[in-house]
Asker: 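I have a structure here, written as structure tokens, and I will follow up with some questions on it.
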Amino acid sequence: VLVDLQQSRSFFEGLSPFEDPGTTDYPQGHGTFIAGIIGGKGNNGIGISGVNWGAKCVSFRVFKPITYTNVLGKKVTTLVTGYEEILKAYIALHNLSFERMVVNSSFSYDVEALGDPTLMKEAIESLTNRALFVVAAGNTRNAVPQYPAVLSKEVTNLITVASIGK
């Protein structure tokens, strides 16, 4: 995978856009896995072949690891993000040097928790001629509508994906 190191960035102070925090509890690798599906070089005997061997990827860190002790006394690391970091990342897409982009957004927020999605919708719409957003239908296993997926009814540059089964 070709990663553009100059344009990659973290939206959290002190966290690299590339390094995982090194804990076994951290649900690491999703972005790397998706980047491999998109741009993994083929015919080299390493890993998988992506759908576009010449694709350039940019890493934007919008999640931050938080470690806490659960009710059973076990240390658990999970990922958190804020709406503000995601908006900053979407706005930063305007400054990338790519003429066309596919933006993987695997996160989701439930409609009630997010509140007014106007800024997210405007950020996505502002890139209609440059970016296609591929977003998660939801990560909650329930019927509560999720952002940004529900925006697919309102914007033309957004595709919602889902999985079924386990």
Side-chain angles (χ1 to χ4, degrees), residues 1-4 7-12 17-18 20 25-42 46-65 77-96 98-166:
V1 175
L2 300 171
V3 178
D4 188 322
Q7 297 189 90
S8 294
R9 62 182 284 203
S10 174
F11 291 88
F12 292 101
F18 308 110
D20 70 56
D25 291 333
Y26 183 72
Q28 58 189 297
H30 180 75
T32 304
F33 176 72
I34 297 300
I37 291 171
I38 294 167
K41 187 170 173 96
I46 301 170
I48 64 168
S49 293
V51 296
N52 183 345
W53 298 356
K56 288 185 183 174
C57 294
V58 173
S59 175
F60 277 3
R61 178 184 291 273
V62 294
F63 289 94
K64 174 174 148 178
T77 300
T78 191
L79 294 176
V80 296
T81 192
Y83 184 50
E84 184 177 326
E85 285 78 23
I86 292 168
L87 286 176
K88 286 178 184 176
Y90 279 4
I91 292 165
L93 292 169
H94 285 280
N95 299 322
L96 297 181
F98 305 119
E99 190 175 322
R100 299 277 187 264
M101 299 174 275
V102 176
V103 179
N104 172 51
S105 296
S106 299
F107 61 86
S108 64
Y109 279 100
D110 86 29
V111 171
E112 290 86 26
L114 183 59
D116 184 9
T118 303
L119 292 175
M120 181 181 285
K121 179 183 174 195
E122 288 174 357
I124 292 170
E125 281 181 321
S126 71
L127 289 157
T128 297
N129 295 324
R130 286 187 64 204
L132 173 64
F133 289 80
V134 180
V135 304
N139 296 309
T140 59
R141 295 182 175 92
N142 65 35
V144 176
Q146 301 287 304
Y147 283 108
V150 296
L151 296 175
S152 63
K153 298 174 185 176
E154 302 175 44
V155 298
T156 60
N157 59 328
L158 189 141
I159 296 173
T160 301
V161 297
S163 66
I164 56 172
K166 293 183 181 181

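Computed from a predicted structure; not experimentally measured.
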Asker: Just jot down the side chain to side chain contact (heavy atoms under 4.5 Å, CB included) partners of L87, sequence neighbours excluded, or say none.
Answerer: Y83, L119, M120
Asker: If you look at every heavy atom in S108 and Q146, which pair is closest and at what distance?
Answerer: OG-OE1, 3.1 Å
Asker: List for me each residue that meets side chain to side chain donor-acceptor pair (under 3.5 Å) alongside S126, sequence neighbours excluded, and say none if there are none.
Answerer: H94
Asker: Return the minimal non-hydrogen interatomic distance between R61 and S10, and the atom names on each side.
Answerer: CD-OG, 3.6 Å
Asker: Please list, chain by chain and in numerical order, all residues satisfying side chain to side chain contact (heavy atoms under 4.5 Å, CB included) with T160, sequence neighbours excluded.
Answerer: V135, A137, A149, S152, L158
Asker: I'd like to check the side chain to side chain contact (heavy atoms under 4.5 Å, CB included) partners of A35; sequence neighbours left out, ordered by chain and number.
Answerer: V1, C57
Asker: Partners of K41 by side chain to side chain contact (heavy atoms under 4.5 Å, CB included), sequence neighbours excluded?
Answerer: N44
Asker: Could you tell me which non-hydrogen atom of A89 sits nearest to which non-hydrogen atom of F11, and how far apart they are?
Answerer: CA-CZ, 3.4 Å
Asker: Just verifying a value: how many Å separate I91 CD1 and L127 CG, rounded to the nearest 0.5 Å?
Answerer: 9.5 Å
Asker: Would you call F133 and L151 a side-chain contact if the rule is heavy atoms closer than 4.5 Å?
Answerer: no
Asker: For N157, give me all partners under side chain to side chain donor-acceptor pair (under 3.5 Å), at least two apart in sequence or on another chain.
Answerer: none
Asker: In chain order, what residues pass the salt bridge (charged side-chain N to carboxylate O under 4.0 Å, His left out) check against K88, with sequence neighbours excluded?
Answerer: E84
Asker: Go through it in stages, so that I can follow the logic: the residues are R9 and F60, the test is side chain to side chain contact (heavy atoms under 4.5 Å, CB included), and I'd like the CA-CA distance, side-chain angles, deciding distance and then a yes or no.
Answerer: CA-CA 5 Å; R9 62 182 284 203; F60 277 3; 3.8 Å; yes
Asker: Would you say the side-chain atoms of R100 pair up with the backbone N or O of L132, donor to acceptor, closer than 3.5 Å?
Answerer: no
Asker: How far apart are the closest heavy atoms of M101 and L96, and which atoms are they?
Answerer: SD-CD1, 3.8 Å
Asker: Can you name the residues that form a ring pair (Phe, Tyr, Trp, His ring centres under 6.0 Å) with F107, not counting sequence neighbours?
Answerer: none
Asker: Taking all non-hydrogen atoms of both residues into account, name the closest pair between E99 and R130 and its distance.
Answerer: O-CG, 3.6 Å
Asker: For a quick test of reading the model, state the closest non-hydrogen atom pair linking V155 to E125 and the distance between them.
Answerer: CG1-CG, 3.2 Å
Asker: Quick one: side chain to side chain donor-acceptor pair (under 3.5 Å) partners of E85, sequence neighbours excluded?
Answerer: none
Asker: Check whether S8 reaches the backbone of S59 with its side chain - one donor and one acceptor, N or O, closer than 3.5 Å.
Answerer: yes
Asker: Which pairs count as salt bridge (charged side-chain N to carboxylate O under 4.0 Å, His left out) when at least one residue sits in residues 154-163, sequence neighbours excluded?
Answerer: K121-E154
Asker: Output side-chain donor-acceptor pairs under 3.5 Å for residues 46-53, partner residues at least two apart or in another chain, one line each.
Answerer:
| residue | atom | partner | partner atom | Å |
| --- | --- | --- | --- | --- |
| N52 | OD1 | G54 | N | 3.1 |
| N52 | OD1 | A55 | N | 3.4 |
| W53 | NE1 | G50 | O | 3.1 |

Asker: Mind checking what makes side chain to side chain donor-acceptor pair (under 3.5 Å) contact with E122, not counting sequence neighbours?
Answerer: none
